[in-house]
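Remember, it's a predicted structure, so these values are computed and weren't measured experimentally.
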Amino acid sequence: MEDSKYEVEECRGVLRVYSDGTILRLTKPSFEVPIHDDGSILWKDVVFQAMYNLQLRLYKPASPISAAKLPVFYYIHGGGFCIGSRAWPNCQNYCFKLASELQAVVISPDYRLAPENRLPAAIEDGYAAVKWLQDQAVSDEPDTWLTDVADFSRVFISGDSAGGNIAHNLAVRLQAGSAELDPVRVRGYVYLLPFFGGTIRTKFEAEGPKDAFLNIELIDRFWRLSIPIGSTTDHPLVNPFGPNSPNLEKINLDPILVLVGGCDLLKDRAKDYANKLKNYGKNIEYVEFEGQQHGFFTIDPNSESSKKLMLIIKKFIQDNSS
């Protein structure tokens with residue numbers, strides 16, 4: 001009898017799900033680009049969640065411009081909660097750039113991926129990665145590679161796409177002042193093209209470019225594979241304004257910077273988020289980069305738009321550091 005197993009889902013060539021429930025996950029990255037490691041940024045890997053053997057990658061300038069301690073900048077990778085890694089070249093190259101341009105300690109954590117580990121696993125792991133920093137700050141035997149240069153009172157949490165969703169959920173959980181992380185103090189959040197969803201299509205999801213880098217079929221596939229079984233994309237971790245989502249008007253939040261591409265199918269949700277929070281009186285800034293697609297700043301980190309984006313992040317850190 002012939003084997004009736006067939007492919008049900010495929011994501012960027014590195015994740016395949018079959019009809020019998022088996023999953024093939026390749027270790028190779030979706031984006032094969034050279035790594036630009038010129039020695040100006042030092043980096044290393046550290047296990048932050050031993051139970052799941054999750055690691056984060058730490059970066060710092062080899063020769064900081066200032067003698068003062070450096071802000072800490074989390075960069076949580078994207079990939080629709082299904083793919084991606086701190087070790088992928090596009091992620092590593094961008095972290096080199098962040099550490100250099102921002103003159104910051106950059107922390108890039110991995111998290112458990114779907115469909116093997118559906119939400120809320122990724123959110124829990126994002127939280128664990130931030131709690132790890134608190135452990136370092138209060139440890140009797142800290143890792144001096146980090147503690148000698150990191151200013152624990154100036155922490156910023158950024159995320160790219162699915163990582164931007166994680167950043168939002170951390171902002172809601174930690175709330176303004178991030179008191180539970182003391183002496184670590186989160187000063188602000190940066191959502192880079194955040195991956196939000198909802199059961200009702202936005203105008204741009206419905207009418208935007210069909211050939212978008214992150215097209216609507218892939219958006220739907222990522223959600224199918226990552227939301228809890230039996231849930232919809234109105235789940236509180238997916239849709240910030242779903243029927244069972246926390247009321248953001250009543251939650252005190254630290255400053256938020258939302259950055260999107262004008263050709264990104266996700267832009268309407270990010271814009272709606274920023275507008276609603278602004279109407280609630282929150283400290284939130286929204287910047288849209290005309291003509292840019294999803295992931296533009298990691299695809300071409302040296303483009304004019306990518307350079308402008310970096311300057312906006314830098315100003316956000318400066319404005320929220322005191």
Side-chain angles (χ1 to χ4, degrees), residues 14-15 25-64 69-79 81-114 116-117 121-152 155-164 166-167 170 181 184 190 192 298 301:
V14 295
L15 172 66
R25 189 180 282 283
L26 304 183
T27 53
K28 76 176 184 72
S30 287
F31 309 100
E32 294 278 14
V33 293
I35 292 173
H36 305 300
D37 187 357
D38 62 7
S40 66
I41 303 297
L42 306 177
W43 61 277
K44 69 172 187 173
D45 288 328
V46 178
V47 173
F48 73 91
Q49 170 55 288
M51 187 189 299
Y52 306 118
N53 192 30
L54 289 172
Q55 298 186 62
L56 51 77
R57 191 159 283 184
L58 293 169
Y59 300 83
K60 66 178 180 181
S63 304
K69 288 201 169 185
L70 305 174
V72 176
F73 191 86
Y74 274 81
Y75 174 78
I76 307 170
H77 73 74
F81 294 110
C82 297
I83 60 174
S85 164
R86 78 190 191 293
W88 278 16
N90 59 325
C91 179
Q92 180 145 4
N93 285 338
Y94 200 61
C95 288
F96 284 144
K97 205 158 191 63
L98 287 166
S100 173
E101 299 278 339
L102 302 177
Q103 285 292 292
V105 174
V106 173
I107 302 180
S108 178
D110 275 338
Y111 47 88
R112 285 170 291 162
L113 298 173
E116 300 96 323
N117 300 282
I123 313 298
E124 290 168 356
D125 295 340
Y127 179 72
V130 179
K131 289 293 279 187
W132 172 87
L133 190 68
Q134 181 185 35
D135 292 342
Q136 290 298 313
V138 300
S139 173
D140 293 332
E141 297 178 358
D143 181 350
T144 54
W145 192 100
L146 170 71
T147 57
D148 282 354
V149 295
D151 182 349
F152 293 114
V155 177
F156 294 82
I157 297 177
S158 87
D160 177 355
S161 193
I166 294 172
L170 289 175
L181 297 177
V184 167
V190 180
L192 299 155
T298 54

Residues Cys91 and Ser108: closest non-hydrogen pair is SG-OG, 3.6 Å
With sequence neighbours left out, the residues meeting side chain to side chain contact (heavy atoms under 4.5 Å, CB included) with Thr144 are Thr147, Asp148
Rounded to the nearest 0.5 angstrom, the OG-CG distance for Ser63 and Leu42 is 8.0 Å
Q. Looking only at atom types and distance, does a side-chain atom of Gln103 sit under 3.5 Å from a main-chain N or O of Pro64, one as donor and one as acceptor?
A. no
Going through the distances and angles, do Val106 and Tyr94 end up as a side-chain contact (heavy atoms from CB on, under 4.5 Å)? CA-CA 10 Å; Val106 173; Tyr94 200 61; over 6 Å; no
In this structure, CH2 of Trp145 is separated from NZ of Lys60 (nearest 0.5 Å) by 5.0 Å
Applying side chain to side chain contact (heavy atoms under 4.5 Å, CB included) to Thr27 and not counting sequence neighbours gives none
Atom pairs and distances, donor-acceptor, side-chain atoms in residues 29-39, under 3.5 Å, two or more places apart:
unit_1, atom_1, unit_2, atom_2, d
Ser30, OG, Arg12, O, 3.1
Asp37, OD1, Gly39, N, 3.4
Asp37, OD2, Trp43, NE1, 3.0
Asp38, OD1, Ser40, N, 2.9
Asp38, OD1, Ser40, OG, 2.7

Side-chain heavy-atom pair Leu102, Pro71 within 4.5 angstrom cut-off: no
Quiz prompt | Expected output: side-chain Gln134 to main-chain Val184 donor-acceptor under 3.5 Å | solution = no
So the salt bridge (charged side-chain N to carboxylate O under 4.0 Å, His left out) pairs with at least one residue in residues 95-110 (sequence neighbours excluded) are Arg86-Asp110
For Lys131, the salt bridge (charged side-chain N to carboxylate O under 4.0 Å, His left out) test, sequence neighbours excluded, returns none
Separation between CG (Leu58) and CZ (Phe48), nearest 0.5 Å, reads 11.0 Å
Arg25 meets the salt bridge (charged side-chain N to carboxylate O under 4.0 Å, His left out) criterion, sequence neighbours left out, with Glu116
By side chain to side chain contact (heavy atoms under 4.5 Å, CB included), Ala122 pairs with (sequence neighbours left out) Phe81, Tyr111, Leu119, Ile166
In this structure, CG of Leu56 is separated from NZ of Lys44 (nearest 0.5 Å) by 10.0 Å
Between Ser158 and Ala167 the two heavy atoms that sit nearest each other are C-CB, 4.4 Å
**Message:** Could you tell me if the side chain of Val105 sits less than 4.5 Å from the side chain of Val149, heavy atoms only?
**Reply:** yes
* Does Asn117 reach the side chain of Asp125, with side-chain heavy atoms less than 4.5 Å apart? -> no
d(Leu15 CG, Cys82 SG) to nearest 0.5 Å is 6.5 Å
For Leu170 and Ile123 the tightest heavy-atom approach is CD2-O, 4.5 Å
When you compare the side chain of Gln49 with that of Trp132, does any pair of heavy atoms fall below 4.5 Å? no
Sequence neighbours excluded, the answer for ring-ring contact (aromatic ring centres under 6.0 Å, His included) partners of Tyr74 is none
Scanning both residues in full, the closest heavy-atom pair of Ile41 with Pro61 reads CD1-CA, 3.8 Å
Sorted by chain and number, sequence neighbours left out, side-chain hydrogen bond (donor to acceptor under 3.5 Å, both in side chains) with Tyr59 holds for none
**Prompt:** Side-chain contact, heavy-atom cut-off 4.5 Å: Val190 with Phe73?
**Reply:** yes
Between Ala104 and Leu70 the two heavy atoms that sit nearest each other are CA-CB, 4.2 Å
When rounded to the nearest 0.5 Å, the distance separating CG of Leu98 from CG of Asn93 is 11.0 Å
Mind checking whether Val155 and Leu133 have side chains closer than 4.5 Å, heavy atoms only?
yes
Residue set satisfying side-chain hydrogen bond (donor to acceptor under 3.5 Å, both in side chains) with Tyr75, at least two apart, ordered chain then number -> Asp160
Residues passing the salt bridge (charged side-chain N to carboxylate O under 4.0 Å, His left out) test with Asp151, sequence neighbours excluded, are Arg154
Using the rule given for side-chain contact (heavy atoms from CB on, under 4.5 Å), can you reason through Val46 versus Gln55, listing the C-alpha separation, both sets of side-chain angles and the distance that settles it, and then say yes or no?
CA-CA 5 Å; Val46 178; Gln55 298 186 62; over 6 Å; no
For a 4.5 angstrom cut-off between non-hydrogen side-chain atoms, does Glu124 reach Arg112? yes
With side-chain contact (heavy atoms from CB on, under 4.5 Å) as the test, would you mind laying out the steps for Val72 and Ile107 before giving the verdict?
CA-CA 7 Å; Val72 176; Ile107 302 180; 3.6 Å; yes
Those residues at least two apart in sequence (or on a different chain) that pass side chain to side chain contact (heavy atoms under 4.5 Å, CB included) with Ala87 are Arg57, Ser85
